[in-house]
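The structure under discussion appears below in the form of structure tokens.
Fair warning: this is a prediction, and the values are worked out from it, not measured in the lab. Computation of the quantities below employed the complete heavy-atom set of this structure, encompassing side-chain atoms and omitting hydrogens, waters and symmetry-equivalent molecules.
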Amino acid sequence: MLPTNGIDVQLNQVAWAGWVGLLVTGINLIPLGQLDGGHITYTLLGNKAKMLFWPVIGVLLLITGYSFLRGTPSYTWLIWVGLLALMGRTYAQPLDDVTPLDPRRKAVAVAALIIFFLVFVPLPLVTYAG
């Protein structure tokens, strides 16, 4: 029982721009490689961040498989898996890699990873028929 013939929400241009901004932020915060999320995880975990490569790739492949099982195939994450595989497991190492982060900067890094989980959209470009 949705208003306007089954359309629950109608977005204007500003709302679409906000959605795209959150989508791009979520993609940029994926904790791999040269993305900002990769820089954050490398700063927090050091060389151990490289161990996240295959689990994150696996999660993106699982999301893709789930979209196919639902009958709404989405190739979005397959493209990102390819791009992330091309970027490899390399991380930009900071010039000062021996000084540990102070608690305030650790809190900012954890907040950025929390933002990733809040804005990440598993199936961003899937259209549902009403």
Side-chain angles (χ1 to χ4, degrees):
M1 298 196 322
L2 299 174
T4 64
N5 296 327
I7 298 174
D8 187 22
V9 178
Q10 293 182 351
L11 299 178
N12 63 10
Q13 293 83 3
V14 175
W16 277 111
W19 179 85
V20 170
L22 289 174
L23 176 67
V24 171
T25 299
I27 290 171
N28 193 29
L29 287 174
I30 293 174
L32 286 182
Q34 296 297 315
L35 299 172
D36 285 345
H39 296 310
I40 293 168
T41 55
Y42 184 83
T43 303
L44 287 174
L45 303 176
N47 282 328
K48 294 178 186 175
K50 293 179 181 180
M51 295 185 331
L52 288 175
F53 183 78
W54 291 113
V56 172
I57 294 292
V59 167
L60 294 176
L61 289 174
L62 284 173
I63 292 171
T64 303
Y66 176 72
S67 73
F68 279 90
L69 288 175
R70 288 197 57 177
T72 54
S74 174
Y75 296 96
T76 307
W77 296 121
L78 280 179
I79 295 168
W80 278 101
V81 166
L83 289 172
L84 292 169
L86 286 174
M87 280 193 271
R89 300 169 73 167
T90 59
Y91 291 86
Q93 295 183 348
L95 294 175
D96 183 10
D97 204 11
V98 293
T99 306
L101 291 179
D102 60 344
R104 185 176 137 254
R105 292 183 181 181
K106 280 186 184 180
V108 170
V110 170
L113 292 176
I114 290 171
I115 289 171
F116 165 68
F117 286 107
L118 291 175
V119 302
F120 184 76
V121 181
L123 298 174
L125 302 174
V126 175
T127 304
Y128 296 96

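Leu35 and Val121 are members of different hydrophobic clusters when ILVMFWY side chains are connected at heavy-atom separations under 4.5 Å. A chain of hydrophobic side-chain contacts below 4.5 Å, direct or via other Ile, Leu, Val, Met, Phe, Trp or Tyr residues, connects Leu84 to Val24.
Screening residues 92-121 for ring-ring contact (aromatic ring centres under 6.0 Å, His included), with sequence neighbours left out, gives Trp77-Phe120, Phe116-Phe120. Residue pairs meeting the side chain to side chain donor-acceptor pair (under 3.5 Å) criterion with at least one partner in residues 12-35, sequence neighbours excluded, are Asn28-Asp36. Residue pairs meeting the ring-ring contact (aromatic ring centres under 6.0 Å, His included) criterion with at least one member in residues 44-74, sequence neighbours excluded, are Phe68-Tyr75.
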Contacts under 3.5 angstrom, residues 55-65 side chains, donor-acceptor by atom type, not counting sequence neighbours:
unit_1: Thr64; atom_1: OG1; unit_2: Leu60; atom_2: O; d: 3.0

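If you take CD1 on Ile115 and CG on Leu22, they are separated by 10.0 Å, rounding to the nearest 0.5 Å. Expressed to the nearest 0.5 Å, how far CG of Leu29 lies from CG of Leu113 amounts to 7.5 Å. Atom CG of Leu32 is separated from atom CG of Leu83 by 12.0 Å, given to the nearest 0.5 angstrom.
Every side-chain contact (heavy atoms from CB on, under 4.5 Å) that Ala112 has, sequence neighbours left out, goes to Ile40. The side-chain contact (heavy atoms from CB on, under 4.5 Å) test applied to Ile114 returns Val110, Leu118, not counting sequence neighbours. Take Thr76 and apply the side-chain contact (heavy atoms from CB on, under 4.5 Å) test, not counting sequence neighbours, and it matches Ser74, Trp80, Pro124, Leu125.
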